[in-house]
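Presented below is the structure to which this report refers.
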Amino acid sequence: MRASGASRCALNDLPVESNRVTPYLQELRVRAEREAFAKVQLDLSDQFLIKFLRARDFDVDLALKVRAQICTENNLLVNYHKWRQECPEISADLRPFSVIGLLKNNYHGVLSSRDDAGSRVLIYRISQWNPKEFTAYEVFRVSLITSELIVQETETQRNGLKAIFDLQGWCFAHAFQINPSLAKKISCVLTDSFPLKVRGIHLINEPIVFRPVFAMIRPFLPDKIKQRVHLHGSSYTASLYDHFPKAIFPPEYGGTGPSIAEVCTEWTEHIMQSEEYLQKLSANLGGSCSQGSSCGHR
């Protein structure tokens, strides 16, 4: 079953309880049960499955299939669970206190206003990541926590996200933590293992020493994502505002919205208030950090 054209937009706008949505949920559930691995306990509730359907515009084939050369299986639902089982250092403990230091450093925030397309806008500030205190796995966990929270939002399921990485302060100590294995795992989440539409990735203030890291990650990305990566440099305001309304940004980035400190603090508070949900999610996904994991620390 596949929706197309205007019907896809109409389906994305419908609530999960709609009779028009039900057949797609049923088909995805049946096919997921048939293709899933025995060791992966899938959540096949309507509220869970609708995230995958909206992420792929109600194309059931795309909600299941992924690129086998990047992730080992051909089932998006299975990849979502399997990725977490294979990398517990990132995913086993999603409680806010596991990354509270980064959050209090104002490393990350989500703008209160969406862009003109309705996408969530996320900001990551590399200058606030001290690589002597926090590993790349902990930094990646912050992104995973935010992704798990915003994917609960119906509007985000429909319109996706755009991420801005402010790379001011990037140095060799950061680069040394990014290896090909981690780069591959990052690309999996961006493309094949999480039910969110990545509408754009914007890099600003990127220094020359970041280029080798980007060159390491880029080959793992599909062409669609490559086309959505934008490098704006240090004089980023003019080109960045071609993709976003200026007013939604903090004054530090030339906008008229709340300050970046306020943005980060507000989002940190939201994460802290979601602790019970995140703890339950960690338990449901199963597993604890083990020395034999395929995703060890550097």
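We number each residue from 1, following the sequence as shown.
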* Option from His232, Arg228, Lys162 for which side chain to side chain donor-acceptor pair (under 3.5 Å) with His202 holds -> His232
* Could you check Arg114 against Glu153 for salt bridge (charged side-chain N to carboxylate O under 4.0 Å, His left out), going step by step and ending with a plain yes or no? => CA-CA 12 Å; Arg114 297 173 182 268; Glu153 304 165 350; 3.1 Å; yes
* Quick one: do the Thr265 and Glu262 side chains pair a donor with an acceptor below 3.5 Å? ->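 Judged by distance alone, the side chains do not pair up.
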* To do: Verify the distance criterion only: is there a donor paired with an acceptor across the side chains of Tyr277 and Gln152 at less than 3.5 Å?
  => yes
* To do: Report the C-alpha separation of Thr146 and Trp267 in whole Å, then their side-chain angles, then the decisive distance to 0.1 Å, and conclude whether the side chain to side chain donor-acceptor pair (under 3.5 Å) test is met.
  => CA-CA 9 Å; Thr146 285; Trp267 188 249; 2.9 Å; yes
* To do: Evaluate side chain to side chain donor-acceptor pair (under 3.5 Å) for Tyr137 paired with Gln177, printing each intermediate quantity in order.
  => CA-CA 9 Å; Tyr137 292 95; Gln177 294 209 31; over 6 Å; no
Closest contact, heavy atoms only, [X] versus [Y]:
X	Y	result
Arg120	Ser112	NH1-O, 4.4 Å
Pro131	His174	CD-NE2, 3.4 Å
Leu14	Arg20	CD1-CB, 3.8 Å
Asp61	Arg31	OD1-NH1, 2.8 Å
Ser259	Pro250	C-CB, 3.8 Å
Val213	Ile178	CG1-CG2, 3.9 Å

* Please confirm whether Tyr236 and Tyr241 have ring centers closer than 6.0 angstrom. =>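 No: the rings miss the under 6.0 Å criterion.
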* Asked: So, do Leu103 and Tyr107 sit near enough that their side-chain heavy atoms are less than 4.5 Å apart?
  -> no
Look up atom [atom1] in [X] and atom [atom2] in [Y], then write down how far apart they are to the nearest 0.5 Å.
X	Y	atom1	atom2	result
Leu49	Gln26	CG	CD	11.0 Å
Gln128	Asp166	CD	CG	9.0 Å
Ser98	Arg141	OG	CZ	4.0 Å
Ser234	Asn205	OG	CG	6.5 Å

Can you tell me if [atom1] on [X] sees more than 12 non-hydrogen neighbours from other groups inside 6.0 Å?
X	atom1	value
Asp242	CG	yes
Glu133	CD	yes
Lys104	NZ	no

* With His108 as reference, evaluate Leu122, Val263, Thr268 under the side-chain contact (heavy atoms from CB on, under 4.5 Å) test and give the passing residue. => Leu122
* To do: Dump the intermediate steps for salt bridge (charged side-chain N to carboxylate O under 4.0 Å, His left out) on Asp57 and Arg158, then the final yes or no.
  => CA-CA 8 Å; Asp57 291 325; Arg158 293 169 176 160; over 6 Å; no
* **Trace of the ring pair (Phe, Tyr, Trp, His ring centres under 6.0 Å) decision for Phe52 with Phe58** => CA-CA 8 Å; Phe52 290 82; Phe58 280 80; over 10 Å; no
